[in-house]
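Chain naming here is simple, since letters A, B, ... match the order of the sequence lines and numbering starts at 1 in each.
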Protein chains: 2
Amino acid sequence: MTAESGARGGSRGGETPAGASPARVTMEDVARRAGVSRSLVSIAYRGVPGVSDETRDAIFEAARAIGYTPNSIASRLASRNRESVGFYLLDLRNSVYVDVFDGVREVTGERGTTVVLGVGETHGSEDRAGLTALMSSQADVIIATGLLLPDAEILELSRQRPLVSVTRQVPGVDSVSSDDEAGATLVTEHLLALGHRRIAHLAAPDIGGRSPRADAYARTMRKAGLEPRMLTAGFTQSSASAAARSLLSSPAPGERPTAIFATNDVTALGVIEAAHELGLRIPRDLSVAGYDDTAAAALAPISLTSVDQDARSLGRLAASAAFARLASPSAPVVARVQQPTLRPRRSTAPPPSAA
Amino acid sequence: MTAESGARGGSRGGETPAGASPARVTMEDVARRAGVSRSLVSIAYRGVPGVSDETRDAIFEAARAIGYTPNSIASRLASRNRESVGFYLLDLRNSVYVDVFDGVREVTGERGTTVVLGVGETHGSEDRAGLTALMSSQADVIIATGLLLPDAEILELSRQRPLVSVTRQVPGVDSVSSDDEAGATLVTEHLLALGHRRIAHLAAPDIGGRSPRADAYARTMRKAGLEPRMLTAGFTQSSASAAARSLLSSPAPGERPTAIFATNDVTALGVIEAAHELGLRIPRDLSVAGYDDTAAAALAPISLTSVDQDARSLGRLAASAAFARLASPSAPVVARVQQPTLRPRRSTAPPPSAA
DNA sequence: TTGTACGCGTTATCAG
DNA sequence: CTGATAACGCGTACAA
């Protein structure tokens, strides 16, 4: 990402930009131009009955002529429309969250609701800022995925504004999630069935909630009479890579895990990177599994075994839940859970010893 | 992405959600609770001088107690602060745009400006909606990357609101971009230097602007005495994959290109997919190069030769340009251009014949 | 159908 | 520091 700095581009013949009209054009202006009252313009723009087709056309024509753009800020302030949804996602670089977003847009799109976006940061672990920004912007309900806050704080925030947590269950808060225990169990059993015994788990950082994936991994290992072996890394690929590197290089050859189950695809990619650096081939020397069935996992050269939680569907359900909450604020808390699907790919195979 | 439908989750003991307070708490309420005037509360929240530290604390304490969240909607309507920036990006799945966004956030973050997001759709080619949404939300300047609109329409939109185009030059509009001709030339020359002669280019759809990458490819080929061979695909990986599949399977063996230069990494990944399906190995049977130096390109198993345009830096420059435009609306149009860097990786190698 | 008047929650000004 | 008052641009009865 280091690139030569740029040359100053020419300003084609000293042109002056077209935009930048200092005074904003308002409905008032449109009304005046069209020779009608401001209320009529408002009515025309909202599409409610009360304007003749001709005058309506005249109004839009006038608006176009003077370059009017409706002010949604003022509009939302004036109207009691309690139907706007805010969407918060942790990380734009993890496509699960983007999938969720797409799902949300699918249903909000149908209802004509606009969605305000808030974006967090994996390194700052500061969803607080993004979340409160959404609240300040008067989102009437917030759909959040990838929340890093401890359960207690999420519950507290949901006290200020209805909140639907996606991808993560939070007691006392509406949520739509996938059965992470089931998914992690599927992965671990898959690895066991292939003949692996030294299976390590690269867990997500503790964020003051449950850790269903890690728990299910550990339980399944113990049930098979094996000792779980966990290590923790951050949320980024590079931090996972560093963790995996030390795991794979330090122990005695016979100690090294033959398979690593990473808590998600992003970190699984980090494991793959580390393996490459160490000259370990996948899956010959090491099996790797992730979680989320990200786009990258499906790429042929990667072909990462993963778990599909159908994030898009989660998004759809979350949007429905959000609207339902808006409709009946005091209905009981809903925790919807979906069943995930294992997607076995070439990154997992029998261990070397079993070959 | 097809997953089993979900089971209805239990509603833990019929709890009722915490949130959903029908009446919104306002500054008025805070003022009353703290025993001060509304003006003072406003002053306290804006951080302007005029409040003693003690009363300020008291105000915030009162606000916390009754769960007050400032209403940024009302605030922006009332304030004459014309400094808000809207950011539009085409596709959340193409990490270049996310890089640009990060760059923008870097500088807006320093200035404390919040950024409103608008997201487009690659399949709909409808940036209009996203853009006008940003205008309606009263963004005072718009930074847009991945614009699909024809030059003329962009120019027209920039008439309504100052606009900075990132990643693409548009005559008459502020822009920050990378020298695509230079980058594409680097790639083509790289392939030529490796000994390739049958080099195909997978171009982006025509969107009514210039096509610097395709042009540079064609020019460089001709200069080497070779016939350019172009085909066009959509913006998605799958459409690129389909196009590449037909290109690679139909022609007679000796006709098949030995290298494909795709217009960006997303489509290059599509080419890689197609090659895998056809049993062609990279780079042994086919060299592949992309553009953008996306995260996926750097992954060891992919190792895609690409061009780094330092999108993050583009984002930074765009934000600066946006603020500059806000400061002097009638300054001449600026077109800043950065020089890209070739990132040769393992996906490109000498052609089979030269081996 | 049209125009009037009030309110949304804040900012901003100005005289106390 | 306070309290009153005028915007901000528009939604929304209500009356004409």
Side-chain angles (χ1 to χ4, degrees), chain A residues 21-59 62-63 66-84 114 133 135-140 160-161, chain B residues 21-60 62-63 66-84 114 135-140 160-161:
Chain A
S21 41
R24 223 73 129 192
V25 29
T26 77
M27 270 195 178
E28 194 75 57
D29 304 315
V30 177
R32 195 164 24 236
R33 179 71 136 85
V36 298
S37 70
R38 188 177 61 75
S39 345
L40 237 214
V41 179
S42 171
I43 290 175
Y45 263 94
R46 275 176 296 156
V48 301
V51 214
S52 69
D53 288 356
E54 356 174 7
T55 51
R56 223 173 54 114
D57 291 345
I59 289 174
I66 58 181
Y68 169 71
T69 311
N71 186 332
S72 67
I73 287 287
S75 163
R76 288 188 47 199
L77 180 60
S79 76
R80 258 73 137 183
N81 176 23
R82 265 74 168 101
E83 280 255 306
S84 76
T114 62
M135 299 202 164
S136 293
S137 75
Q138 302 309 101
D140 301 304
Q160 294 185 41
R161 200 89 88 220
Chain B
S21 40
R24 222 75 128 193
V25 27
T26 77
M27 270 194 177
E28 192 74 57
D29 302 317
V30 177
R32 197 167 19 236
R33 179 72 136 88
V36 298
S37 68
R38 174 184 45 257
S39 329
L40 236 213
V41 178
S42 174
I43 290 175
Y45 264 95
R46 274 176 295 156
V48 301
V51 214
S52 69
D53 287 359
E54 355 174 8
T55 51
R56 221 174 55 113
D57 291 346
I59 288 173
F60 287 147
I66 59 182
Y68 168 71
T69 310
N71 185 334
S72 66
I73 287 288
S75 165
R76 287 189 48 201
L77 179 60
S79 80
R80 264 76 136 176
N81 176 23
R82 266 78 170 95
E83 280 255 306
S84 76
T114 62
M135 298 201 168
S136 294
S137 76
Q138 301 309 101
D140 301 303
Q160 293 185 41
R161 200 90 88 221

Check your understanding: Considering residues at least two apart in sequence or located in another chain, which fulfil the side-chain contact (heavy atoms from CB on, under 4.5 Å) criterion with Ala74(A)?
Key -> Asn71(A), Leu77(B)

Exercise for review: Taking side-chain contact (heavy atoms from CB on, under 4.5 Å) as the test, write out the residues that go with Ala58(A), two or more places apart.
Suggested key: none

Exercise for review: Please state whether the phosphate of dG9(C), meaning OP1 or OP2, lies under 4.0 angstrom from any side-chain nitrogen or oxygen of Ser75(B).
Suggested key: no

Check your understanding: Ser52(B) has a side chain; which of dC1(D), dG9(C), dT2(C) sits nearest to it?
Key -> dC1(D)

Review point. Given dT11(C), is OP1 or OP2 found less than 4.0 Å from the side-chain N or O atoms of Ser79(B)?
Key: no

Check your understanding: Taking for each residue the nucleotide of DNA chain C bearing the nearest heavy atom, is the 5' side occupied by Val36(A) or by Tyr68(B)?
Key -> Val36(A)

Point to revise | Candidate nucleotides dG9(C), dT2(D), dC10(D), ranked by approach to the side chain of Asn71(A) - the nearest | key: dC10(D)

Review point. Atom CZ of Arg32(A) and atom P of dT2(C): how far apart are they, to the nearest Å?
Key: 18 Å

Exercise for review: Output all residues satisfying side-chain hydrogen bond (donor to acceptor under 3.5 Å, both in side chains) with Thr69(A), sequence neighbours left out; order by chain, then residue number.
Suggested key: Gln160(B)

Revision key, fill the gap. From CG of Asp29(B) across to P of dG9(C) the rounded distance in Å is 9 Å

Revision key, fill the gap. Of dC10(D), dG9(C), dT2(C), the nucleotide closest to the side chain of Val51(A) is dT2(C)

Review point. Which listed nucleotide (dT2(C), dG9(D), dT10(C)) is nearest to the side chain of Thr55(A)?
Key: dT2(C)

Got a list of side-chain donor-acceptor pairs under 3.5 Å for residues 42-53 of chain B, not counting sequence neighbours?
| from | atom 1 | to | atom 2 | distance (Å) |
| --- | --- | --- | --- | --- |
| Ser42(B) | OG | Arg46(B) | NE | 3.1 |
| Ser42(B) | OG | Arg46(B) | NH2 | 3.0 |
| Arg46(B) | NE | Ser42(B) | O | 3.3 |
| Ser52(B) | OG | Thr55(B) | N | 3.4 |
| Ser52(B) | OG | Thr55(B) | OG1 | 2.7 |

Practice item. Quickly work out the Glu28(A) CD to dC10(D) P distance and round it to whole Å. Key: 9 Å

**Study point:** Side-chain donor or acceptor of Ser72(A) paired with backbone N/O of Ser136(B) under 3.5 Å
**Key:** yes

Atom pairs under 3.5 Å: protein N/O with N/O of nucleotides 14-16 of chain D:
none

Check your understanding: Ile73(A) CD1 to dA7(D) C1': how many Å, rounded?
Key -> 17 Å

Check your understanding: Judged by atom type as modelled, is there a donor-acceptor pair below 3.5 Å linking the side chain of Ser84(B) to the main-chain atoms of Gln138(B)?
Key -> yes

Review point. Which of residues 38-48 of chain A sit near DNA chain C, with a heavy atom under 4.0 Å from it?
Key: Arg38(A), Ser39(A), Leu40(A)

Exercise for review: State which residues pass side-chain hydrogen bond (donor to acceptor under 3.5 Å, both in side chains) with Thr114(A); sequence neighbours excluded, sorted by chain then number.
Suggested key: none

Review point. To the nearest angstrom, how far is Met27(A) atom CE from dA7(D) atom C1'?
Key: 18 Å

Exercise for review: Indicate the atoms forming the closest heavy-atom contact of Tyr68(A) with Thr26(A), along with that distance.
Suggested key: CE1-C, 3.6 Å

Review point. Just how far, in rounded Å, is P of dC10(D) from CZ of Arg76(A)?
Key: 15 Å

Point to revise | Value in whole Å for how far the P atom of dA7(D) lies from CG of Leu77(A) | key: 17 Å

Point to revise | Terminal helix-axis angle for the helix from dT1(C)-dA16(D) to dG16(C)-dC1(D), with five pairs defining each axis and rounding to 10 degrees | key: 40°

Check your understanding: Nearest 0.5 Å, what's the CZ-CG distance between Arg76(B) and Asp140(B)?
Key -> 6.5 Å

Exercise for review: Mind checking Ser72(B) for me? I need base, sugar-phosphate or nothing, with any heavy atom below 4.0 Å counting as a touch.
Suggested key: nothing

Exercise for review: Could you tell me whether a side-chain N or O of Arg56(A) sits under 3.5 Å from a main-chain N or O of Val41(A), the two making a donor and an acceptor?
Suggested key: no

Check your understanding: Which pairs count as salt bridge (Lys or Arg N to Asp or Glu O under 4.0 Å) when at least one residue sits in residues 31-40 of chain B, sequence neighbours excluded?
Key -> Glu28(B)-Arg38(B), Asp29(B)-Arg32(B)

Point to revise | Arg161(B) side chain to Ala139(B) backbone, donor-acceptor under 3.5 Å | key: yes

